[in-house]
Amino acid sequence: MIKKIKVDKLKPGVFITDFNCSWLAHPFLVSRKRIRSYKDIEKIKRSGISEVYIDTTKGIDIVETFSREELLRYFEDAALPDISGYDLNLDVRVPLKKELKRAHEIQNKAYSVIQRAYQDARYGNSIKLDEINEMVKEIVESITRNHDALLLLSSLKDKDEYTFEHSMNVSVLTAGLCKALKMSKEEVIEFTLGSMLHDIGKSKIPAEILNKKMPLSPKEFELMKKHVDFGIELVKDHDGITDNIMAYIAEHHERENGAGYPRKLKSNEISTAGKIGAIVDVYDALTTDRVYHHALHASEAIKDMYVQRALHFDEELLEQFILFMGIYPPGSLVKLSSGFLAIVVETAHDNLLRPKVRLIYDLNKGLPIAPRNLDLSKGVGELHTIVSMADPALYKIDINKYMLQMINA
């Protein structure tokens, strides 16, 4: 992935692909260089360069954190609605603690259903659409009871199960966004079914390409792109496949500027299903850790997507997605001004700057603590404001462990 970072964030091991200036203005003989020491970084700083582009497929990634003020300034500059008081009116009918166990059962069941669908497709058997449809209804019902439960669980990641987890996570994100868009229950189910099947064509991609631990070659990527056409062929003759379901499968890689695939459709040629698919598919991919790609923080992924909105995404739908997810989506690790690390467990949609969090670590003492919940939306004071997103790897925090503790509590 090519990304722009501040020179102050550089570390030895990154691969600079563009110094963001003319070749005469940087201190090296070549314009693409692996940084091997802090002396290299000092040379760049002395040249007056403030930002560079790095290639994370050729060197280490840099995970940046953003302060609360930086996030607010970004969203204000992006001309989004006033997020601090925005309310999506998503009713919470069941408390998170009660829905979490149920949602975990749904998640595990969905993995099995998706896996069977892929196996059926791979071996030429008919896909059990009725089974998938029933699974989708359970996901939509869970989102209706408490939209944060499955969103929180979607942050549980296992790179060895990416294909099935990705289909599940995209389904959860699609169902949540469609609910936030006030679609009818029938439409929410229809779009979510399309999302669960959106990558079914990958069942026809050779395993050595699908599971390759390095970036794909141009030839391999061309074959990978055929998963869209394979998916269309696999589902087109099944009863119950609507135009919206087919559009989701066919168009989730199309882009607003016509640079997507397979048909290079442009903005007004892409269906609503395809536009939603593009947003949630990219978001889940960006926030998932792979062997050759480090996951971005949710806020960083959202920011990157919004910066590129005119090229890749429907702007209005992307804004609605950002408002639905919040600045601090469930599962995010955050640092509070009081010196505690916490996991965001629920988004207060009437106050996106003050979610409900679960305190897990005291940075002042450098020790984990007995987890406890804190609702920042209840006016607990400035002492507990969020000051930045935090990097789990930096603090050696195993978020999955704390998630499982919450489920089993």
Side-chain angles (χ1 to χ4, degrees), residues 63-68 71 92 94-104 107 142-143 146-159 165 168-169 172-173 176 283-284 286-289 294-302 324-349 351-378 380-381 383-409:
V63 180
E64 294 188 84
T65 61
F66 302 96
S67 70
R68 178 175 180 271
L71 283 169
V92 175
V94 175
L96 177 68
K97 184 176 180 179
K98 183 176 180 180
E99 183 60 29
L100 203 55
K101 283 184 180 293
R102 205 168 176 182
H104 194 228
Q107 184 187 53
S142 180
I143 290 288
N146 188 311
H147 48 273
D148 282 319
L150 280 171
L151 281 177
L152 183 61
L153 292 176
S154 69
S155 64
L156 280 164
K157 306 281 191 177
D158 181 351
K159 60 175 175 279
E165 282 189 355
M168 173 63 187
N169 293 344
V172 170
L173 293 168
Y283 174 82
D284 186 65
L286 288 177
T287 54
T288 300
D289 205 8
H294 291 292
L296 301 183
H297 289 299
S299 62
E300 190 177 7
I302 285 172
F324 165 66
M325 294 298 292
I327 298 175
Y328 310 108
S332 301
L333 184 68
V334 295
K335 184 170 71 173
L336 309 185
S337 59
S338 55
F340 288 98
L341 289 178
I343 298 172
V344 176
V345 293
E346 291 185 79
T347 302
H349 282 285
N351 192 337
L352 298 180
L353 304 181
R354 288 180 172 270
K356 295 178 183 178
V357 300
R358 188 169 180 82
L359 304 179
I360 60 172
Y361 195 90
D362 186 345
L363 289 173
N364 300 311
K365 297 179 179 178
L367 294 170
I369 61 173
R372 65 179 187 272
N373 293 342
L374 185 66
D375 187 349
L376 301 181
S377 70
K378 297 299 184 184
V380 294
L383 182 65
H384 293 103
T385 56
I386 295 173
V387 293
S388 71
M389 305 298 289
D391 182 0
L394 180 63
Y395 299 106
K396 297 187 169 91
I397 298 295
D398 183 356
I399 291 182
N400 284 10
K401 179 185 75 174
Y402 289 101
M403 294 286 190
L404 292 173
Q405 287 177 353
M406 287 182 62
I407 295 166
N408 297 321

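The two residues F324 and G176 make their nearest non-hydrogen contact at CZ-CA, 3.4 Å. Across every non-hydrogen atom of Q107 and M168, the tightest pair is CA-CE, 3.7 Å. When every heavy atom of P330 is checked against every heavy atom of M325, the shortest pair comes out as CD-O, 4.3 Å. Taking every heavy atom of both residues into account, A342 and L359 meet most closely at CB-CD2, 3.8 Å.
Between the CD1 atom of I397 and the CG atom of L333 there is a distance of 6.5 Å, given to the nearest 0.5 Å. Residue I143 holds its CD1 atom at 9.0 Å from CD of E99, rounded to the nearest 0.5 Å. Here the CG-NZ distance, from N408 to K101, works out to 5.5 Å after rounding to the nearest 0.5 Å. Considering CD1 of I399 and OG of S155, their distance stands at 6.5 Å, rounded to 0.5 Å. Note that the CG atom of L152 and the CD atom of E346 stand 8.5 Å from one another [nearest 0.5 Å]. Taken from OG1 in T347 to CG in D148, the straight-line distance is 4.5 Å, to the nearest 0.5 Å.
No donor-acceptor distance shorter than 3.5 angstrom exists from the side chain of N373 to the backbone of K356, with no hydrogens or angles considered. In this structure, the side chain of N146 engages the main chain of V94 through a donor-acceptor pair within 3.5 Å. Between the S332 side chain and the Y328 main chain, no donor and acceptor come within less than 3.5 Å of each other. Judged purely by atom type and a 3.5 angstrom limit, N364 uses its side chain to pair as donor or acceptor with the backbone of S338.
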Please lay out, stage by stage, how D284 and L286 fare under the test side chain to side chain contact (heavy atoms under 4.5 Å, CB included). CA-CA 5 Å; D284 186 65; L286 288 177; over 6 Å; no
Start with the C-alpha gap between L341 and D362, add the side-chain angles, then the distance that decides, and say whether side chain to side chain contact (heavy atoms under 4.5 Å, CB included) holds. CA-CA 6 Å; L341 289 178; D362 186 345; over 6 Å; no
Show the numbers, then the answer: is there a side chain to side chain contact (heavy atoms under 4.5 Å, CB included) between R358 and R372? CA-CA 5 Å; R358 188 169 180 82; R372 65 179 187 272; over 6 Å; no
Decide yes or no on side chain to side chain contact (heavy atoms under 4.5 Å, CB included) for Y361 and I343, but give the supporting numbers first. CA-CA 10 Å; Y361 195 90; I343 298 172; over 6 Å; no
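Between P355 and L376 the shortest side-chain heavy-atom distance falls below 4.5 Å. Taking the side chain as every heavy atom from C-beta outward, R102 and S142 never approach each other to under 4.5 Å. Taking the side chain as every heavy atom from C-beta outward, F340 and I369 approach each other to under 4.5 Å. Side-chain contact between L100 and V345: absent, with no pair of heavy atoms (C-beta onward) separated by less than 4.5 Å.
Atom NZ of K98 has 12 or fewer neighbouring heavy atoms from other residues, nucleotides or ligands inside a 6.0 Å radius.
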